[in-house]
Amino acid sequence: KMGLKLSIVGATGNVGREFLKILHGRKFPIDELFLLASFNSKGKKLKFGEEEIIVEDLNKFDFKKCDLVLSSAGAKIASQFVPKAAKSGCIVIDNSSYFRMDPSVPLIIPEVNPQDLRKIKKNIIANPNCSTIQMVMALKPLHDKYTIKRAVVSTYQSITGTGVKAVQQLENEYEDKEGEMAYPYPIHRNALPHCDVFQDNGYTKEEMKLTNETKKILGDDSVSVTATAIRIPVVGGHSESVNLEFENDFEESEVRKILNDFPGVTVQDNPDTNTYPMPIYAEGKNDVFVGRIRRDYSQPNSLNLWVVADNLRKGAATNAVQIAEYLIENKLV
């Protein structure tokens with residue numbers, strides 16, 4: 001058969017709309033496309049290339065109609081429908097946090113751990129957190145070469161990661177209009193050291209995702225990660241300041257080459273010409289951009305990096321579509 005019967009859950013959200021652009025742009029083989037969302041969005045029309053497709057009610061949809069589901073609808077909704085969809089025989093690539101740490105569900109970045117896709121047990125594949133994906137894309141080739149002992153990361157995250165409501169909040173504040181708040185404080189001209197909800201240990205869920213998901217994706221519990229996640233009034237993508245301590249020493253020139261040679265990573269690093277990654281230029285692109293590559297002179301075998309990516313693209317939709325492409329290429333779907 002030529003194409004797949006594909007459904008997108010959460011089609012009207014930030015990531016859902018990005019799925020449509022990327023699937024069309026990459027000429028993904030689709031026989032039939034179903035767009036699903038909550039009852040409130042039923043009947044809306046979304047563009048797929050030149051075509052307009054009517055959004056259907058997720059709760060009424062029969063998943064026996066499709067082979068593959070791309071889902072980005074939040075953990076609560078995922079917990080309800082993903083197992084049903086998987087039981088009805090389709091493979092679900094889920095972008096929520098719900099299944100990521102389930103030992104029986106592979107957590108995948110195709111450039112990093114595609115071999116784990118051979119271990120699909122429940123027809124469910126988890127797409128990692130956006131800030132984890134871009135960081136691990138930079139960590140993987142360096143870990144293979146020098147062995148990472150510890151990573152300290154501070155994130156500067158786009159409001160698009162919170163969703164449509166956050167984008168609206170920033171626009172309202174920018175125009176000095178009253179409106180619904182996605183955050184407990186204004187975000188315009190501000191930085192909130194608060195991404196996701198606080199846990200008993202004083203870290204937010206987002207910060208713990210960086211710690212736990214990195215170990216699972218690299219398949220190595222010895223890599224220590226500590227994180228501080230910050231929301232800033234930016235639209236184009238997430239930025240991360242990453243400090244790495246290695247087992248082995250390195251040459252900066254070799255680090256640049258290793259990173260630039262890794263698929264999906266682009267090095268932008270020349271202080272003489274003010275060349276470094278920025279979210280305003282990462283927006284709409286699928287690569288992870290790395291710059292400000294420099295030795296940390298405060299302790300041995302340590303390195304600083306600045307890592308930027310469009311969180312709706314490689315951080316979410318592109319990564320999920322790449323997983324789907326891998327499944328097709330390797331006849332796993």
Between [Y] and [X], is the closest basic N to carboxylate O distance under 4.0 Å?
{"X": "Lys257", "Y": "Glu254", "value": "no"}
{"X": "Arg295", "Y": "Asp249", "value": "yes"}
{"X": "Asp269", "Y": "Arg294", "value": "no"}
{"X": "Arg313", "Y": "Glu18", "value": "yes"}
{"X": "Glu180", "Y": "Lys165", "value": "yes"}
{"X": "Asp62", "Y": "Lys65", "value": "no"}

Just wondering, more than 12 heavy atoms not from [X] lying within 6.0 Å of its [atom1]?
{"X": "Lys215", "atom1": "NZ", "answer": "yes"}
{"X": "Asn201", "atom1": "CG", "answer": "yes"}
{"X": "Glu178", "atom1": "CD", "answer": "no"}
{"X": "Phe262", "atom1": "CZ", "answer": "yes"}
{"X": "Lys285", "atom1": "NZ", "answer": "yes"}

Fill in the blank from the handout: Contacts of Phe48 meeting ring-ring contact (aromatic ring centres under 6.0 Å, His included) (sequence neighbours excluded), chain-then-number -> His24
Examine the side chains of [X] and [Y] and answer whether a donor and an acceptor come within less than 3.5 Å of each other.
{"X": "Asn304", "Y": "Asp296", "result": "no"}
{"X": "Asn301", "Y": "Asn248", "result": "no"}
{"X": "Arg118", "Y": "Asn330", "result": "yes"}
{"X": "Lys209", "Y": "Ser97", "result": "no"}
{"X": "Gln168", "Y": "Asn172", "result": "yes"}

Practice task
Compute the centroid of each ring, for Phe198 and then for Tyr203, and state whether the two points are separated by less than 6.0 Å.
Solution key: no
Please report the shortest heavy-atom distance between [X] and [Y], naming the atom on each side.
{"X": "Ile232", "Y": "Ala191", "result": "CG2-CB, 4.1 Å"}
{"X": "Val55", "Y": "Ala37", "result": "CG1-CB, 3.7 Å"}
{"X": "Asn286", "Y": "Lys314", "result": "O-CB, 3.3 Å"}
{"X": "Asp310", "Y": "Gly284", "result": "OD2-N, 2.7 Å"}

Exercise for the section: Nearest 0.5 Å please: distance from the CG atom of Leu58 over to the OG atom of Ser41. Expected result: 10.5 Å
Completion exercise
One should read off an interatomic distance between Phe39 CZ and Asn59 CG, to the nearest 0.5 angstrom, of 10.0 Å
Practice task
Go through the steps for Asn260 and Thr266 under the test side chain to side chain donor-acceptor pair (under 3.5 Å), then give the verdict.
Solution key: CA-CA 5 Å; Asn260 213 24; Thr266 296; 5.2 Å; no
Identify every side-chain donor-acceptor pair in residues 272-282 under 3.5 Å, counting partners at least two apart or on other chains, and give the distances.
unit_1: Thr273; atom_1: OG1; unit_2: Asn270; atom_2: O; d: 3.2
unit_1: Thr273; atom_1: OG1; unit_2: Thr275; atom_2: OG1; d: 2.6

Problem - Geometric cation-pi criterion, Arg189 with Tyr174: 6.0 Å, 45° - result: no
Problem - Verify same cluster id: Ile108, Phe28 (apolar side-chain graph, 4.5 Å) - result: yes
List the atom pairs, with distances to 0.1 Å, where a side-chain N or O of residues 131-138 and a protein N or O form a donor-acceptor pair under 3.5 Å, not counting sequence neighbours.
unit_1: Ser131; atom_1: OG; unit_2: Asn129; atom_2: ND2; d: 2.9
unit_1: Ser131; atom_1: OG; unit_2: Glu206; atom_2: OE2; d: 2.9
unit_1: Thr132; atom_1: OG1; unit_2: Glu213; atom_2: OE1; d: 3.3
unit_1: Gln134; atom_1: NE2; unit_2: His238; atom_2: O; d: 3.0
unit_1: Gln134; atom_1: NE2; unit_2: Val307; atom_2: O; d: 3.1

Practice task
Apply salt bridge (charged side-chain N to carboxylate O under 4.0 Å, His left out) to the pair Asp221 and Lys216, showing each step before the final yes or no.
Solution key: CA-CA 7 Å; Asp221 283 341; Lys216 181 171 173 178; over 6 Å; no
Handout entry: Intermediate values then yes/no, side chain to side chain donor-acceptor pair (under 3.5 Å), Gln157 and Thr155
Key = CA-CA 6 Å; Gln157 296 185 213; Thr155 71; 2.7 Å; yes
